[in-house]
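For reference, the structure is listed below as structure tokens.
Everything quoted here is computed from the prediction, not taken from an experiment. Protein chains get the first letters and strands the later ones, always in sequence-line order, with residue 1 at the start of each.
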Amino acid sequence: MLRGFRHIRGYFKDPQQLELLEEIRRIIAQAPLFSPAMPRTGKPFSVQMTNAGALGWVSDISGYRYQDRHPETAEPWPPLPATLRALWRDVADWPGDPEACLINYYGQGTRMGSHVDRDESDFSAPVVSVSLGDDAIFHVGGLRRSDPKTRIVLSSGDVAVLGGSARKAYHGIDRIIPGSSDLLTEGGRFNLTLRRVTTYQNPVPDLDRTRGT
DNA sequence: GAGTATCT
DNA sequence: CGAG
């Protein structure tokens, strides 16, 4: 595994997990889960997804991309919850704000093949992930798909950060462990990933302040 | 700029 | 589960 990967067990305690879950329910009520499909083949993903924030990641037969509207309702994505902005400020170690929160729902038997998050323009910002619900077997490898992988269990309330060289590492979800959490009445797992999509310009130094009269 | 986050 |  590459440097820059960080797993923070139990970052969110039970009450905060319930708050986050309520936020997710509200988001889904506004921006329903949809089934993405593979570019070119149109083969559906097993997970369902939606987004919050200025931009959302979508995939269909014409490709992967970020866009500012839900692909089915054509409505803007709901705002990114304050709790998640606070998480980003706490763990991202990066000056700008996140622009996207991809919400993936993993039902029983669903998975996510090994891939790299590479649809963003700015790779200096990390990807910050939150797990809610059933445990998941997560893998992280290296820059090449064939590089050796490390596997860990991601549990409800855990945060994972893919930063530095791990930002471009292959990763994925092998499987969900049914019944390992009772947070979700319907079972399964939500994963939230916070991303910076566009490049961030460092603020112009405020000479009046830094010069200090 | 597409595209191996699919699948076997 | 790794490889492609």
Side-chain angles (χ1 to χ4, degrees), chain A residues 1-2 4-5 7 24 27-28 31-53 55-72 77 84 98-154 158-163 165-178 188-199:
Chain A
M1 175 193 335
L2 295 165
F5 175 72
H7 177 202
I24 293 169
I27 290 165
I28 290 173
L33 290 169
F34 61 93
S35 294
M38 287 295 288
R40 175 168 216 93
T41 63
K43 291 196 171 167
F45 289 31
S46 60
V47 305
Q48 294 181 289
M49 60 179 55
T50 188
N51 293 270
L55 293 169
W57 190 86
V58 302
S59 179
D60 60 24
I61 198 154
S62 61
Y64 305 150
R65 63 195 175 276
Y66 282 93
Q67 61 183 42
D68 60 7
R69 305 240 163 193
H70 190 285
E72 293 173 354
W77 305 105
L84 296 174
E99 295 172 304
C101 175
L102 174 60
I103 299 171
N104 286 329
Y105 175 67
Y106 292 79
Q108 192 167 345
T110 65
R111 54 186 304 281
M112 180 73 77
S114 208
H115 68 280
V116 177
D117 293 10
R118 68 174 85 184
D119 302 309
E120 302 77 28
S121 302
D122 194 318
F123 292 96
S124 66
V127 170
V128 176
S129 146
V130 181
S131 298
L132 291 172
D134 283 342
D135 290 354
I137 310 295
F138 174 80
H139 70 254
V140 208
L143 301 180
R144 295 171 308 186
R145 172 171 262 160
S146 58
D147 287 341
K149 298 168 175 61
T150 301
R151 288 183 159 78
I152 61 170
V153 175
L154 291 180
D158 289 4
V159 166
V161 182
L162 285 159
S165 50
R167 175 65 182 72
K168 288 167 170 160
Y170 277 87
H171 61 278
I173 294 290
D174 299 325
R175 64 191 180 90
I176 301 302
I177 302 176
R189 168 180 187 260
F190 282 110
N191 183 67
L192 320 176
T193 52
L194 302 172
R195 297 110 182 270
R196 180 73 191 194
V197 179
T198 66
T199 56

Check your understanding: Rounded to the nearest Å, what distance is computed from the CZ atom of residue A:Arg145 to the P atom of nucleotide B:dC7?
Key -> 12 Å
Review point. How far, in whole Å, is B:dT4 from C:dG2 if one measures between their C1' atoms?
Key: 14 Å
Under 3.5 Å, which donor-acceptor pairs link side chains of residues 100-108 of chain A to any protein atom two or more places apart or in another chain?
unit_1, atom_1, unit_2, atom_2, d
A:Tyr105, OH, A:Gly187, O, 2.8

**Study point:** Rounded distance (nearest 0.5 Å) linking atom CG of A:Leu55 with atom CD of A:Glu99
**Key:** 5.5 Å
Practice item. Select base, sugar-phosphate, or nothing to describe what A:Arg111 touches, counting heavy atoms under 4.0 Å on all strands. Key: sugar-phosphate
Review point. Is it true that a side-chain atom of A:His115 and a backbone atom of A:His171 form a donor plus acceptor pair closer than 3.5 Å?
Key: yes
Review point. Taking only residues two or more places apart in sequence or in another chain, which ones pass salt bridge (Lys or Arg N to Asp or Glu O under 4.0 Å) with A:Arg118?
Key: none
Point to revise | salt bridge (Lys or Arg N to Asp or Glu O under 4.0 Å) partners for A:Arg65, two or more places apart | key: A:Asp60
Review point. B:dT4 P sits how many Å from A:Asp147 CG, rounded?
Key: 18 Å
**Study point:** Gap between atoms OH and P, on A:Tyr170 and B:dG3 respectively (whole Å)
**Key:** 14 Å
**Study point:** Heavy-atom donor-acceptor pair, A:His70 side chain to A:Pro32 backbone, under 3.5 Å
**Key:** yes
Review point. With a non-hydrogen cut-off below 4.0 angstrom, is A:Ser46 in contact with a base, only sugar-phosphate, or nothing?
Key: nothing
Review point. Can you check the A:Phe45 CZ to B:dG3 P distance for me, whole Å?
Key: 14 Å
Review point. Which residues satisfy the salt bridge (Lys or Arg N to Asp or Glu O under 4.0 Å) test with A:Glu120, sequence neighbours excluded?
Key: A:Arg167, A:Arg195
Review point. Sequence neighbours excluded, which residues qualify as side chain to side chain donor-acceptor pair (under 3.5 Å) partners of A:Trp57?
Key: A:Asp119
Review point. Which part of the nucleic acid does A:Ser146 contact within heavy-atom distance under 4.0 Å: base, sugar-phosphate only, or nothing?
Key: sugar-phosphate
Point to revise | Watson-Crick/G-U partner (both atom distances under 3.5 Å) of B:dG3 | key: none
Point to revise | Among B:dT4, B:dG3, B:dC7, the nucleotide that comes nearest once only the side chain of A:Arg40 is considered | key: B:dG3
Point to revise | Nucleotide B:dA2, atom P - distance to CZ of A:Arg118 in whole Å | key: 15 Å
Check your understanding: Under 4.0 angstrom, heavy atoms only, what part of the nucleic acid is A:Asp119 near: base, sugar-phosphate, or nothing?
Key -> base
Exercise for review: Kindly write out the residues that satisfy salt bridge (Lys or Arg N to Asp or Glu O under 4.0 Å) with A:Arg111, not counting sequence neighbours, or none if the list is empty.
Suggested key: none
Review point. Over how many whole Å does the gap from A:Asp60 atom CG to B:dA2 atom P extend?
Key: 13 Å
Review point. If each of A:Met38 and A:Arg65 is mapped to the nucleotide of DNA chain B with the nearest heavy atom, which maps nearer the 5' terminus, i.e. the 5' end?
Key: A:Arg65
Revision key, fill the gap. Footprint ends on DNA chain C, 5' to 3', for atoms under 4.0 angstrom from a heavy atom of chain A, come out as C:dG2 to C:dG4
Study note, to complete from the structure: Here the distance between atom P of B:dG3 and atom OH of A:Tyr66, to the nearest Å, is 18 Å
Practice item. Please name all residues satisfying side chain to side chain donor-acceptor pair (under 3.5 Å) with A:Ser131, sequence neighbours left out, ordered by chain then number. Key: A:Arg189
**Study point:** Base-paired stems that DNA chain C participates in, counting runs of 3 or more Watson-Crick or G-U pairs under 3.5 Å
**Key:** none
Revision key, fill the gap. Here the distance between atom P of B:dC7 and atom CE of A:Met112, to the nearest Å, is 11 Å
